[in-house]
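Have a look at the structure below, then the notes.
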Amino acid sequence: MVTIADKYAQLKAAGFVPVPDLPVIEIPLPDFAGRFFTFASTIGPVTIYWHAATGAHEVYGAILAAYLAQGGPQGALGYPVSGEYDTLVGNGAGGLKAIGRTSDFQRGLISWDRASGQTTVSLTGPVVVGADFEQVIGIDVSTYQGQIDWTKVATQGTSDGEVAGFAYIRATHDDAGTDHRFTANWAASAGHLPRGAYHYFRAHGQPDQMRGQVDHFINTLQAAGGPGELPPMVDIESLPAGVSAAQASASLQFFLSLLEQAFGVRPLIYTYPSFWNHNMANSMAFSATYKLWIAHYGPQTADGGAAPRSTAPQLVGGWNQFALWQNAVKKGVGGITGLVDRNVAFVPAGRSLRDWLTN
C-alpha cells in the first residue's frame, strides 16, 4: 500500500519543499474514516488525506499523480489555490452526492472520479492576466433585469471598477416563448458594446420535435436584424420530466446544427457543472465542436445573488477550457438596479472577443 509518507516523498522529489522538513506523523481522522498529515511548505500548508474505504489519497493525494505530471508547483497549472473538495451532483431526490474530488490551481483544475479512479486535468486560463491575455468582463440579461440604461452599462462600469465589454441578451425561451424585453434591450444596446443573443432551451424526446423551437429563435433574431456581434448561445440547465440524457443530447445537437446553418456561426453552449454531470450524464458529444460557457459561482449572498468564485470553475463533458465563465451574480452594474450575472473571458492577445468565441 502506498502510504502518506510515500506521497510526501513524491512531493519533495518534485520540488515541493517543506518548511521545515518534518518527519511524517499520520493522525487518525474518525469522521473521515482515514488518516491525514499536514505540513508547511514554501507555498503554504498542504494536507494529504488517506481514505480507508477507497484507498485514495485525497487532498493532493488522489490527484497527486496528475499534479506531479504537470511538473508540480512550477508546472502549467501553477500553484494549488484550494484544498481538494467534493465534486457534487444532484441525486434526483433534491439532494447532492459526491462523485469525486476536485482541486483548483492558478491556471486550471484537476478532478478525480471516484467510480473510475481517473483524473482529468483542465486548463482554464490565467487567474492573473498578463501580457498574453486580456480579461474581458460581460453581463447577461433578460426580462428579470427590468428596464436597462445601456449607455450607463457601457460607460459607468461596476462597483468593482470594471466596465462591461460585452452583453448577452435573452431572446426566446422554451418552445415558443419570447423574452418581453428582448426587442427593447436589443435596440437600446446597439452600438454600445458587442452583443449576443441567447435561447433558454427545452429538450424533447425526439430531435424533429425541436423544429418549431429553433425556428422561433432564428426568426426572432432575424426580425431584430441578425444575431448580433457575438455568436448566439443556447442555455441548457433543466430537462422536462421523462426526457433522458441521450434524448436531450440528440435534441441539443439538432438545435445547434440548424442554428449554425441559419447564421453561419457556431453557437456557444451554456450550462453548469452539476446539471451537465447528472442530467446530461456528463455527455462528451459536444466538447470537440462547441465552445463552453460555464456557470460556477461562489457562495450564495443574503440578497439572493452569488459571490464571485475565487478559484477556477469545474469543467464538464470533456471540455478542457471555457470560452466564457459566469462566476457571480450581484448588484452594482451601472444602468441596472438589481442583480445581474457577471461573466469573464480570457481573450488571447491580439484577438477580438468575437474572434475568440467563433474560432
Side-chain angles (χ1 to χ4, degrees), residues 90 92 94 139-148 167-187 189 195-228 230-263 265-281 283 285-286 290-295 304 316-317 324 326 329 338-341 343:
I139 60 173
D140 59 276
V141 301
S142 68
T143 190
Y144 299 112
Q145 275 67 50
Q147 186 170 348
I148 297 173
Y168 267 83
I169 300 171
R170 190 177 72 162
T172 55
H173 58 88
D174 304 298
D175 285 332
T178 303
D179 189 287
H180 297 306
R181 296 207 59 82
F182 173 67
T183 300
N185 278 331
W186 199 249
S189 61
R195 306 159 304 155
Y198 77 92
H199 169 76
Y200 187 93
F201 181 82
R202 177 181 175 85
H204 285 283
Q206 298 296 328
D208 57 7
Q209 295 174 308
M210 301 300 304
R211 175 71 68 169
Q213 188 175 149
V214 68
D215 283 348
H216 179 56
F217 184 39
I218 292 169
N219 293 338
T220 300
L221 296 191
Q222 289 175 334
L230 303 177
M233 179 267 279
V234 179
D235 174 352
I236 177 166
E237 54 181 288
S238 65
L239 291 186
V243 175
S244 69
Q247 290 171 327
S249 290
S251 294
L252 180 59
Q253 183 60 70
F254 183 88
F255 192 103
L256 293 167
S257 296
L258 292 187
L259 191 56
E260 183 176 355
Q261 290 174 26
F263 295 117
V265 62
R266 192 159 289 169
L268 308 177
I269 295 175
Y270 168 100
T271 194
Y272 63 93
S274 60
F275 169 79
W276 195 269
N277 280 321
H278 179 65
N279 299 84
M280 297 295 288
S283 172
F286 302 93
Y290 299 97
K291 288 198 171 184
L292 174 68
W293 183 343
I294 191 71
V316 294
L324 295 174
Q326 188 180 97
V329 183
L339 294 166
V340 63
D341 297 332
N343 303 276

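Reckoned from all heavy atoms, side chains included, excluding hydrogens, waters and symmetry mates.
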Could you walk me through whether Thr172 and Phe182 pass side chain to side chain contact (heavy atoms under 4.5 Å, CB included), step by step? CA-CA 8 Å; Thr172 55; Phe182 173 67; over 6 Å; no
State the OH-CG distance between Tyr198 and Leu268, to the nearest 0.5 angstrom.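 One gets 13.0 Å once the value is rounded to the nearest 0.5 Å.
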Asn185 side, atom CG; Tyr168 side, atom OH - distance, nearest 0.5 Å: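 Those atoms lie 15.5 Å apart.
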Considering all heavy atoms, the nearest [X]-[Y] contact:
| X | Y | answer |
| --- | --- | --- |
| Asp174 | Gln213 | O-CG, 3.1 Å |
| Ile236 | Phe201 | CD1-CD2, 3.8 Å |
| Gln247 | Val243 | OE1-CA, 3.5 Å |
| Gln145 | Leu339 | NE2-O, 2.9 Å |
| Phe254 | Pro207 | CD2-O, 3.3 Å |
| Tyr200 | Ser238 | OH-OG, 3.0 Å |

If we check side-chain contact (heavy atoms from CB on, under 4.5 Å) with Pro232, which of these qualifies: Ile218, Val265, Leu256?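 Among Ile218, Val265, Leu256, the one that satisfies the side-chain contact (heavy atoms from CB on, under 4.5 Å) with Pro232 is Val265.
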So Val234 and Ile269, do their side chains get closer than 4.5 Å, heavy atoms only?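 Counting from C-beta outward, Ile269 and Val234 never come under 4.5 Å.
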Side chains of His204 and Asp175: donor-acceptor distance under 3.5 Å anywhere?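 Looking only at side-chain atoms, Asp175 and His204 do form a donor-acceptor pair, the distance falling under 3.5 Å.
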Does either side chain, that of Ser249 or that of Gln253, offer a donor lying less than 3.5 Å from an acceptor on the other one?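 Side chains of Ser249 and Gln253: no pair found under 3.5 Å.
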Which word best sums up how the rings of Phe286 and Tyr290 line up, parallel for under 30°, tilted for 30 to 60°, or perpendicular for over 60°?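 Phe286 and Tyr290: tilted rings.
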Parallel, tilted or perpendicular: which fits the ring planes of Tyr270 and Trp293, with parallel below 30° and perpendicular above 60°?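 The rings of Tyr270 and Trp293 stand perpendicular, inter-plane angle above 60°.
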Using the salt bridge (Lys or Arg N to Asp or Glu O under 4.0 Å) criterion, which residues pair with Glu237? Sequence neighbours excluded.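 Glu237: no salt bridge (Lys or Arg N to Asp or Glu O under 4.0 Å) contacts found.
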Which one of Asp140, Thr143, Thr178, Asp179 satisfies the side chain to side chain donor-acceptor pair (under 3.5 Å) criterion with Arg170?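 Option passing the side chain to side chain donor-acceptor pair (under 3.5 Å) with Arg170: Asp179.
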